Amino acid sequence: MFGKLTTKENNEVVKLEINPKLCKQCGWCEQFCPKKVFGSRGEILNAEACSKCGLCQLLCPEGAILFGEQSKERQGTIQFPACNALRSNAGRPNLLRQVSREVSKFGLGWSIQRSLSEPGPYFISGNGACVRGALDAGCQFYAGYPITPASEIMQDIVKKFGQTSIGIFIQMEDEISSVGAIIGASQTGVKSMTATSGPGFSLMQENIGYAVMTDTPCVIINVQRAGPSTGQATRPAFGDLMQAIWGCHGDSPKIVLAPTNAQECYDLTIKAFNLAEMYLTPVIILTDETIAHLRERIEIPGEIRVFKRVVPIFGDGQELTVTGSTHYSNGLRAASDPKAQQDLLDRLKEKMENIGRHPIIDINCHPENKVVIISCGFTARSVAKAVYNLGLDNKIGTAVIKMLWPFPFKEIENAVPHRAKVIVPEMNQGQLIHLIREVCHDPIPLNQTDGLPIEPKTIQAAVKSCMEKMRQ
Amino acid sequence: MKEKNLNWLRWIKNGQPLQFCPSCQYGTILRLLACALEKTGLEPKQVMAVSGIGCAGWITDRYLKTDTLHTTHGRPISFATGIKLVRPDLKVIVVSGDGDLATIGTNHLVHAVRRNINLSVFCANNFLYGMTGGQAGATTPRNAITATTPQGNPEQPLDLIKLVLSLGCSMASRYPAMPIGKSPYPTIDAIVKTLKHEGFSFFEFISPCVTHFGRKNEMPNPGKLKEYLKDLLIRKEDIASSTSEPTPLAKNGKLAQGTFETLIDYLRFTEKGGQQ
């Protein structure tokens, strides 16, 4: 059925051939050939009529018609550049170390940078501290959408970008496109971030999952407010903890950090950028309205260690292929290969395990402890005050979790004495406690969802009643 | 016909057959794009192709020999915005489907036109959601039978060219992927113009899905589809002299084919024979 034509014209050999492996017998060639050379099933009927216009080669959807000298088209296997493999394997420490050594001469990898602000003490809000942290870490791209109580981050950063012209700012049409834009920018090689609050964070979930899938480093700050839905926009809560960790569809592990004060907002934002760039993953910073708007003293150091990623980026001329579909390590889409899916998810899990080896947690426990209070976010400060007020030395231990995912299960299990009662105060209906239950026996929840921070006296009362019960 | 001598095949990755249905015109769109990119004088490393989800999202991802980004459903323009802002020197093209760009992602399309960001957006309009099984979308013609409109589509389709021009887009073109006239070269020239345009430019390929749209609407093969396109589309040069009777599906009005620079320009042609 498939024909072959070779004619001599001006002593020049012109070939016309249909590749049976590529032809799907659709019949378009019959429609577009002006000389009616082809039949309705992709056969060459009337080879002599061919006027060698070359339309068939241009229009055949499958590229099955081989014409003239370019008859070697579409043979062999797809050759993808090695840069794609490097990209999907980054985040594996061995490879990273090996590559880092080679790229340090290009200014990539670890370096010591001077902070943009003068070193010394500052009196700023949590949101302001996040902005300074981001700029000092080398953030050069911000795309955002206004939302209370996170808008100050956007306003601050656009001012700073304008003053120093070190970055690019764009206000997008919604939170979905904000994350889209920062992923695009990040893949093009700049450190990028966005900030939002609960409702916007819900919109962002799909694209955050995309960032996980495509190994895109980016930082997303979620200044939590009381929900669900619109809730109370100017009131704090810690209700997005589970969403931050488990929010996207599919198994999409990502780093979640939770600062407790303005200083940590600064430090952890820098940490967030470094982790994102090192492990090529999105990092979510969970603050809340109280931390975001509380002005406090922070100390800005003169020199900061920052990491610049060591993988290929768009615009390098390396034919980088990035897809949110399951892909092989060379970037090639593998829409239905079970092994590719398994390997990809294993790699993402391995990445988190590597990050989990360096937990960020403040543990202050003692084997004599009768009660241990485990908390995160702003609540940790009320806990500290409550413990101070109670003055019961050695009887109360505390643990403040600052990296919520990968979760420090092992560290908590080792630190909390087996006989101690665990109290978990939270500004939600019980989210952190689910994770604590994995490693501690029967923790006691202390939930407050009135849109106000938990006060130390509430925690003191809970500790006292817990001790009463233990005595009985 | 200088195209014959151009080495446009260097823009297409060698390898396996395309993963499109038989009779799908998306392969042709890939080739027309490659040819036009070659004609602009750009190098593959200067071009960045962003695509969305759906059959049309696969046109560039995997097949075009440039950097490619295959994004989430409906959001390619927002990703492209980020890339273009960071690297204004790159020629960023967005290639995606009608469902992706003009149904779930209309919001981003509207705002990209409003910002007049220097992107070239190519919409492969197959009149429905092909990959998910042929459900009706925002561009499905009225009365067309699809998987979700077994009695015929009761809704008015979205005229994408009118939409983008009304927002101030300074170059919008509509051409069929397969030439219904004698040659595809006017299409390639229009793509070149779109690619070279400073500011936001939009290009709509009319390439109805044969598998889902064609078979359900009595045009199961390229021959019938070509007849339908001949009835549906009318070149802006021919509008004045048009007298032919449209087929039942094209009864809502014809679609003007050509390159338009202002809304007034477009409406002037459509008033005579175009879609209302």
Side-chain angles (χ1 to χ4, degrees), chain A residues 21-22 24-28 30-32 34 40 53-55 58-63 68 70 73-79 140-141 143 168 170 172-174 176-178 180-190 192 206-207 210 314-325 332-333, chain B residues 1 3-4 7 9 12-18 20-28 31-32 35 43-45 48 50 58 61-62 65-73 75-87 89-90 107-108 110-111 178-179 182-184 210 221-223 226:
Chain A
K21 281 186 188 155
L22 296 177
K24 291 176 183 165
Q25 305 181 11
C26 65
W28 270 113
E30 186 195 16
Q31 298 303 321
F32 59 65
S40 63
C53 64
L55 264 188
L58 180 66
L59 291 176
C60 172
E62 312 301 328
Q70 288 156 333
E73 190 203 354
R74 287 196 175 280
Q75 281 165 2
T77 51
I78 295 184
Q79 293 295 320
Q140 288 182 314
F141 188 89
I168 300 158
I170 185 166
M172 295 300 285
E173 56 269 16
D174 56 23
I176 301 171
S177 50
S178 303
I182 68 164
I183 293 172
S186 178
Q187 296 274 12
T188 319
V190 298
S192 55
E206 189 194 9
N207 278 351
Y210 179 86
F314 286 141
D316 274 357
Q318 303 194 58
E319 290 168 38
L320 204 57
T321 306
V322 177
T323 173
S325 299
L332 183 65
R333 175 159 38 79
Chain B
M1 293 182 202
E3 283 80 357
K4 203 170 114 183
N7 185 20
L9 281 169
I12 298 173
K13 276 180 182 147
N14 281 345
Q16 293 110 306
L18 303 186
F20 298 122
C21 304
S23 303
C24 181
Q25 300 131 74
Y26 284 0
T28 307
R31 301 172 84 77
L32 294 175
C35 194
E43 284 298 310
K45 66 175 179 190
M48 167 80 225
V50 186
W58 288 17
D61 166 56
R62 225 181 134 161
K65 213 167 167 26
T66 62
D67 284 343
T68 62
L69 180 66
H70 183 220
T71 69
T72 46
H73 190 27
R75 323 294 170 205
I77 292 179
S78 58
F79 287 75
T81 305
I83 295 166
K84 188 71 192 176
L85 285 172
V86 177
R87 286 290 301 272
D89 54 318
L90 284 181
N107 187 16
H108 310 302
V110 166
H111 288 281
M178 278 295 175
K182 274 178 188 159
S183 100
V210 176
N221 56 47
K226 198 175 168 189

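Throughout, protein chains are lettered first and strands after them, A, B, ... in sequence-line order, and every chain is numbered starting at 1. Just so you know, these numbers come straight off a predicted model, no measurement behind them.
For the set A/Gly27, A/Ser178, A/Gly315, A/Ser40, the entry with the most heavy-atom pairs within less than 4.5 Å of chain B is A/Gly315. Options A/Gly184, A/Pro34, A/Gly180 differ in how many heavy-atom pairs under 4.5 Å they form with chain B, and the most are formed by A/Gly180. Considering only heavy-atom pairs separated by less than 4.5 Å from chain A, the leading option among B/Glu43, B/Lys84, B/His111 is B/His111. In terms of heavy-atom pairs under 4.5 Å with chain A, the best-connected choice from B/Thr71, B/Thr66, B/Val50 is B/Thr71. When each of A/Gln140, A/Lys24, A/Glu173 is scored by its heavy-atom pairs under 4.5 Å with chain B, the top score falls to A/Glu173. Between chain A and the residues B/His73, B/Lys45, B/His70, the most heavy-atom pairs under 4.5 angstrom are made by B/His70. Listed options A/Ile168, A/Asp316, A/Leu59 were ranked by heavy-atom pairs under 4.5 angstrom with chain B; first place goes to A/Leu59. Ranked by heavy-atom pairs under 4.5 Å with chain A, the list B/Gly27, B/Ser78, B/Pro222, B/Gly82 is led by B/Pro222. Interface check for chain A: of the options B/Val110, B/Thr72, B/Asn221, B/Leu32, the most heavy-atom pairs under 4.5 Å are formed by B/Thr72.
Residues A/Thr323 and B/Asp61 have side chains that never bring a donor and an acceptor to within less than 3.5 angstrom of each other.
Remark: the backbone N or O of A/Tyr210 is not paired with any side-chain donor or acceptor of A/Asn207 at under 3.5 angstrom.
Annotation: side chain of B/Met48 is not in contact with side chain of A/Thr188 (no heavy-atom distance under 4.5 Å). Contact annotation: the side chain of A/Pro61 never approaches that of B/Gln25 to less than 4.5 Å [non-hydrogen atoms, C-beta and beyond]. Looking at B/Arg75 and A/Ile176, their side chains come closer than 4.5 Å, going by heavy atoms from C-beta outward.
Between B/Tyr26 and B/Phe20, the ring-plane angle classifies as perpendicular under the 30° and 60° cut-offs.
Using a 4.5 Å cut-off between heavy atoms, A/Ile182 makes no contact with chain B at all.
A distance of 7.5 Å separates CG of B/Asp67 from CG of B/Leu90, quoted to the nearest 0.5 Å.
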